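A short worksheet on the structure shown next.
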Amino acid sequence: MGFNNWNSGLPSSAATAIAAANAFVSLGLKAVGYEYINIDDTWSSKSRGSDGTLVPDPNKWPNGITAVATEIHGMGLKMGLYGDSGTGTCSGYPGSQGYETQDAKTLASWGIDFWKYDNCNAPTSGTSQTRYTTMSNALAASGRDIYYAMCNWGDDSVWTWGLKTANSWRVSSDVTDKWSSIVSIASNAQSYASYAGPGGFNDFDMLEVGNGGLTTAEERAHFGIWAIAKSPLLIGADLTKISKASLALLLNTDVISINQDSLGIPAAYFTPSGKSAPVPNQLHPYWSGRISTGYVIGLVASSGASTLSVNFADVPGLGAGTYSWKECYTNATGTGTSVSATLGAHDMAIFKVDKS
Ligand code: GAL
């Protein structure tokens, strides 16, 4: 859980990092578990130093990176940076190909805790496992515990080798601030849900909550699907301008507890009896998954306003019985053999079903 500046277009600078860290504390985001302050592409100078080291852009980092990382650590937070497995980043800054060992050591020496590793300026397919494993080994030998976020956009079926290589892996091309983008990423979740587990997760890309392109209902579905599918939750909005409604969503501790559940099992599609099976590239309304206190059931009004109902007997693993439940967005609670939600277009309900 954290922040990344790319989706909002904020500069990749010390000022952006410190403003986000301050907002994490003042808005209560740190208190509910958001921790990483990650800075994306364009943070460095266009050239490496004479000894080959990456150099922070002095205009964006007037006191260097270490000073910012130290300040962020002093606030009880962590700091992340971005790099690329090819010869250059997507925006034309130095890539790490051939410099993996040196760059991993530089990150460790600066006190970096998270490394997002991109896939530009490298052969398009068939080589990413080798490139990403080289950096995985370099980080492991760097002397610092650094979260490794692979960003190869789902190439080379990354989910099949992700868990042994990294802490998370992007499964798609870039998210955009539109419902169609949320649908396109979420509608493919079924194929790789089973490959994630504690220590390694499918990354659906940074959140667009608070960036203005989604309705409040769509923001609930976007955040909810990312959360129950166990994607990293990296806030992509400018926290100095975020609306009260979007902030309240990001602070929903019931949804966060599902995302951070110790079992680390992604929720996936299921089909209640009498309902249509999932259709490729369409967002299926019915999601479920095990959590340590029972099960989560997600209902998404993907094709328009509707009432969606599920008998517990139809939920894989949960089975017939009378259970108590809580809906995470309305705080409604109940006990029974089924749940039901009347939802506006693209809205979502998330039920935590107690089977402890
Ligand atoms: C893309 C990546 C984005 C962002 C961007 C920066 O390849 O998927 O998340 O990091 O590069 O140039």
Side-chain angles (χ1 to χ4, degrees), residues 1-13 16-17 20 36-47 54 56-57 60-61 65 79-97 103 107 112-129 131-132 135 139 146-159 162 165-178 180-182 184-186 188-189 192 201-211 213-214 222-223 226 229 231-238:
M1 294 170 68
F3 164 86
N4 176 296
N5 65 302
W6 189 256
N7 286 355
S8 64
L10 284 165
S12 294
S13 65
T16 295
Y36 290 90
I37 304 293
N38 297 340
I39 295 297
D40 213 279
D41 202 354
T42 75
W43 61 269
S44 77
S45 296
K46 284 265 166 120
S47 310
L54 288 168
D57 179 337
K60 293 174 179 162
W61 308 87
I65 301 268
M79 170 151 183
L81 279 179
Y82 159 102
D84 191 284
S85 64
T87 53
T89 73
C90 301
S91 302
Y93 292 76
S96 293
Q97 198 173 83
D103 289 353
L107 298 172
I112 293 301
D113 307 294
F114 183 111
W115 182 235
K116 173 177 172 178
Y117 203 44
D118 212 341
N119 199 30
C120 277
N121 299 301
T124 46
S125 68
T127 65
S128 62
Q129 186 169 4
R131 282 182 282 115
Y132 280 81
M135 183 51 90
L139 291 171
I146 300 176
Y147 180 113
Y148 184 31
M150 299 194 290
C151 176
N152 79 340
W153 319 309
D155 276 4
D156 301 329
S157 302
V158 62
W159 42 87
T165 314
N167 302 107
S168 59
W169 47 92
R170 282 272 301 278
V171 291
S172 69
S173 54
D174 291 8
V175 70
T176 60
D177 193 15
K178 285 190 250 162
S180 58
S181 170
I182 304 307
S184 124
I185 294 173
N188 288 311
Y192 36 71
F201 296 99
N202 295 304
D203 178 357
F204 286 24
D205 205 353
M206 284 97 65
L207 295 167
E208 293 286 7
V209 172
N211 282 336
L214 302 173
H222 167 34
F223 184 66
W226 265 231
S231 170
L233 299 177
L234 294 171
I235 299 169
D238 180 347

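Predicted model only: the values in this text are computed from it and were never measured. Whatever order the structure lists them in is the order used to number ligands and atoms, beginning at 1.
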Which N or O atoms of ligand 1 sit under 3.5 Å from a protein N or O, and how far apart is each pair?
| from | atom 1 | to | atom 2 | distance (Å) |
| --- | --- | --- | --- | --- |
| ligand 1 | 7 (O) | D118 | OD1 | 3.0 |
| ligand 1 | 7 (O) | D118 | OD2 | 2.7 |
| ligand 1 | 7 (O) | W153 | NE1 | 3.1 |
| ligand 1 | 8 (O) | W153 | NE1 | 3.2 |
| ligand 1 | 8 (O) | R170 | NH1 | 3.1 |
| ligand 1 | 8 (O) | R170 | NH2 | 3.2 |
| ligand 1 | 8 (O) | D174 | OD1 | 2.5 |
| ligand 1 | 9 (O) | K116 | NZ | 2.8 |
| ligand 1 | 9 (O) | R170 | NH1 | 3.2 |
| ligand 1 | 10 (O) | D40 | OD1 | 2.6 |
| ligand 1 | 10 (O) | D40 | OD2 | 3.4 |
| ligand 1 | 10 (O) | K116 | NZ | 3.0 |
| ligand 1 | 11 (O) | D118 | OD2 | 2.8 |
| ligand 1 | 12 (O) | D41 | OD2 | 2.8 |

List the atom of T165, the atom of Y148, and the distance in Å for their closest heavy-atom pair. O-CD2, 3.3 Å

Full working for side-chain hydrogen bond (donor to acceptor under 3.5 Å, both in side chains) between D84 and T89: CA-CA 5 Å; D84 191 284; T89 73; 5.9 Å; no

Students often mix this up, so state it plainly: with edges at 30° and 60°, are the rings of F204 and Y192 parallel, tilted or perpendicular? perpendicular

Considering residues at least two apart in sequence or located in another chain, which fulfil the side chain to side chain donor-acceptor pair (under 3.5 Å) criterion with T87? none

Is any side-chain heavy atom of K116 closer than 4.5 Å to a side-chain heavy atom of R170? yes

Does D205 use its side chain to pair, donor to acceptor, with the backbone of V175 at less than 3.5 Å? yes

